[in-house]
Amino acid sequence: MRANVWSGRNTVQVENVPDPKILNDRDAIVKITSTAICGSDLHLYDGYVPTMERGDILGHEFMGEVVEVGKGVGKLHVGDRVVVPFPIACGDCWACRHELYSVCENSNPNAGMAEKMFGHSTAGIFGYSHLTGGYAGGQAEYARVPFADVGPIKIEDDLPDEQVLFLSDIFPTGYMGAEFCEIQGGEVIAVFGAGPVGQFAIASAVMLGAERIIAIDQYAYRLDMARNKAGATDVINFAEDPDIVEQLKELTGGRGPDAVIDAVGMEAAHGHGVVHAVDRVKQAARSESDRGHALRDAILACRPGGIVSVIGVYGGLLDKFPSGAFMNKGLTMKSGQCHVQRYLAPLYEHIRNGDIDPSFVVTHRLPLGEAPNGYETFKHKQDECVKVVLKP
Amino acid sequence: MKLHAAITVLRPRDEVQRLWQDPALHPRYLDEIDARVTFDPAPGDRGTEIHVTLEHDAPGGKVGKAVAKVRGAMPRAKAMDELRRFKQRVETGVIVRSDGSPEGERAERKLDQRPAQPLHENELAEAGAS
Ligand SMILES: NC(=O)c1ccc[n+]([C@@H]2O[C@H](COP(=O)([O-])OP(=O)(O)OC[C@H]3O[C@@H](n4cnc5c(N)ncnc54)[C@H](O)[C@@H]3O)[C@@H](O)[C@H]2O)c1
Ligand SMILES: [Zn+2]
Ligand SMILES: [Zn+2]
C-alpha cells in the first residue's frame, strides 16, 4: 500500500510499504477513506519529539471501512464504517475502566521507553513516535487497529467523512479542553491558539455555555474563523500587539479570564524578547526544552482561583515556568492527551443533532500522494490553511 | 545488590496468584534469575501488586554488567517486560504488539526499533505474530 512516512526533520514522503496484517485476535484492519494532518504531526515533522525512526508511517486522525477483523473482535464487522480514536486503549486496565483512555496501562509496547521520559508509560498512539508504541499511523491506504472493540465508533448514517472525521481527535480534544474549564454559565474563557484544536475548544465552550470567549493567535484569517465559525466573542492578534496578558486584563475589567485554554503547545511563537531567545537556543540545541510562551501567558493572565486547561502538547522540559503566579493565585491546572473514547458517543450525537458541523475547519483537500505539500502548507500557515484532509 | 520491579494487575489476589502458576502465563525468566515474588492486595479497587526482588543483577561481574546494560538486557528491564506481558495477558487476553515492537515489550527492542510500518511476511512468524 501507499503511506506517508517520516524520513528525517522536515521531510515526509509517500512510499510503498507492506499492507498491515492482523497481529493478534483483538485487531481489525481498516481501509482508510479520509485522514488528516494535525498540529501534533508538526511536532514530529519539526523534530521536537524524540524516538522517531526513518520510515515511520505518520497520521492519527483517520476513518474508513473495516476490511478484516481478528477472532476476538465482537462489535465490529467487515463493511462497518468507523472513525478511529488516536489513543489506543485496551478497555480493561484500571485507567481504561476509569475512562482515562490516553493513559491506558497496556497499549504501549514500549512502556519502558516512556517510563524513562515521563516516569510512567502512557497509551499507545497511532503514528506518533516510538515513545508511544511505534504504531504505524493512518496517513496510508490501510491501518491495523488494535483493541478494535474499544476504540472505533461505528458511523451508521450517511454523514460525509468530513463531518465525522474529527471525532478521531481534534473535536474531542477541544471539547475536553473546554470541559476542564468547569463552565457553569457566565464565564469568560480565553483560548490560546486558533488552530483546529483551538477552534474546537472555542466551539465547545460555546456549547457548554460560556458567556464570552476570547481567541488569541497571530493569524488574522484564523481569528476570523474563530469569530465567524467557532463562536469567539473577542479576538486578540498578538502579531499586532504582543502583550497578550495586558489585553486580556483590559477585556475582562482587570479580572482576567475565569479559565484559560492552551491550544498551542511546545512550539509557541513570539513571547517576550529574552525568554523567547533562550527557548529558541535551547530547542535548537535539542536540550529538551519546550517553548512555553502560551502556557506562561495563560498562567499570568488567568484570574486568581481560575483554571488553566492545557491541551497543547508538550514533550520535554519547560524553562521559566511561572510557579509563583501559579501557586499564589491558587490556580488549578488540568491536562492530557485527549481521552477520545470517552467523548465519541456524546459528540457524535451533537453532530447528528446538527448542534455542530465540524467540517468548518477544513480548508485543504489533497490526495494522499500530496501529503508532503500538505505538511508544508499547514506548517507555514500558507494559503490560509487551517486543516488539511488527505484522501488515500 | 537488590533490585526491585513491581506492577499492579486489576484482579483479586487469589486470581492473580492462580494465574501466575498457570504454565501458559507463568513468567519463566523470573525463575531463571532466581527472583523472589510477593503478591499484595492494592488499596481500594486497584487490584493486586506483584513485587519482584532480584537477588543479583547481571551475571559475569563488572564487564558482564556493562555489556548487559549497553545491550539493554538488564535483568530488571527484562523482569519488567515479563511483568508487563503477564499483566497484558491477564487483563486484555493478548500480548500488545506494534510495528516497532512486534514481539511485544522487550528490553532488547528499545535500542533496535523497527520502523513503524507493517511487517513483511517473513517477519511475522519470527515475531510470533502469525
Ligand atoms: N491534547 C491532545 O490530545 C491534543 C490533540 C491534538 C492536538 N494537540 C495539540 O494541540 C496543539 C494545537 O494543534 P493544532 O492542530 O491546532 O495546531 P496549529 O499549529 O494549527 O495551531 C497552533 C496555533 O497556535 C498559534 N500560536 C502560536 N504561538 C502562540 C502563542 N504564543 N499564543 C497564542 N497562539 C499561538 C499559531 O499561530 C497557530 O495558529 C498542538 O500542540 C497539538 O499537538 C493536542
Ligand atoms: Zn491530532
Ligand atoms: Zn487500558
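What you are looking at is a predicted structure, and each value in this text was computed from that prediction instead of being measured. Every chain is numbered from 1 and lettered A, B, ... according to where its sequence line falls, protein lines coming before strand lines.
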Per-residue contact mode, B:R114 against chain A (heavy atom under 4.5 angstrom): backbone
Is A:K391 atom NZ crowded by more than 12 heavy atoms from other residues, nucleotides or ligands, each under 6.0 Å away? yes
So, the side chain of A:N24 versus the backbone of B:I95: is there a donor-acceptor pair under 3.5 Å, distance only? yes
Given a strict heavy-atom distance threshold of 4.5 Å, which part of B:I7 is in contact with chain A: side chain, backbone, both, or neither? neither
Any residues in residues 38-48 of chain B near chain A, with a heavy-atom distance under 4.5 Å, and which are they? B:D45, B:R46
Can you tell if the side chain of B:V96 reaches within under 4.5 Å of the side chain of A:N108, non-hydrogen atoms only? no
Main-chain N/O of A:G55 paired with B:Q117 side-chain donor or acceptor, under 3.5 Å: yes
Has A:R26 got a side-chain atom pairing as donor or acceptor with B:T92's backbone, closer than 3.5 angstrom? yes
Which one, A:D56, A:V150, A:T51, leads in non-hydrogen pairs under 4.5 Å with chain B? A:D56
Contact check, side chains of A:M113 and B:Q113, non-hydrogen atoms, under 4.5 Å: yes
B:S98 side chain to A:G133 backbone, donor-acceptor under 3.5 Å: yes
Side-chain heavy atoms of A:P20 within contact of B:D99, under 4.5 Å: no
What part of A:M1 gets closer than 4.5 Å to chain B, counting heavy atoms only: side chain, backbone, both or neither? side chain
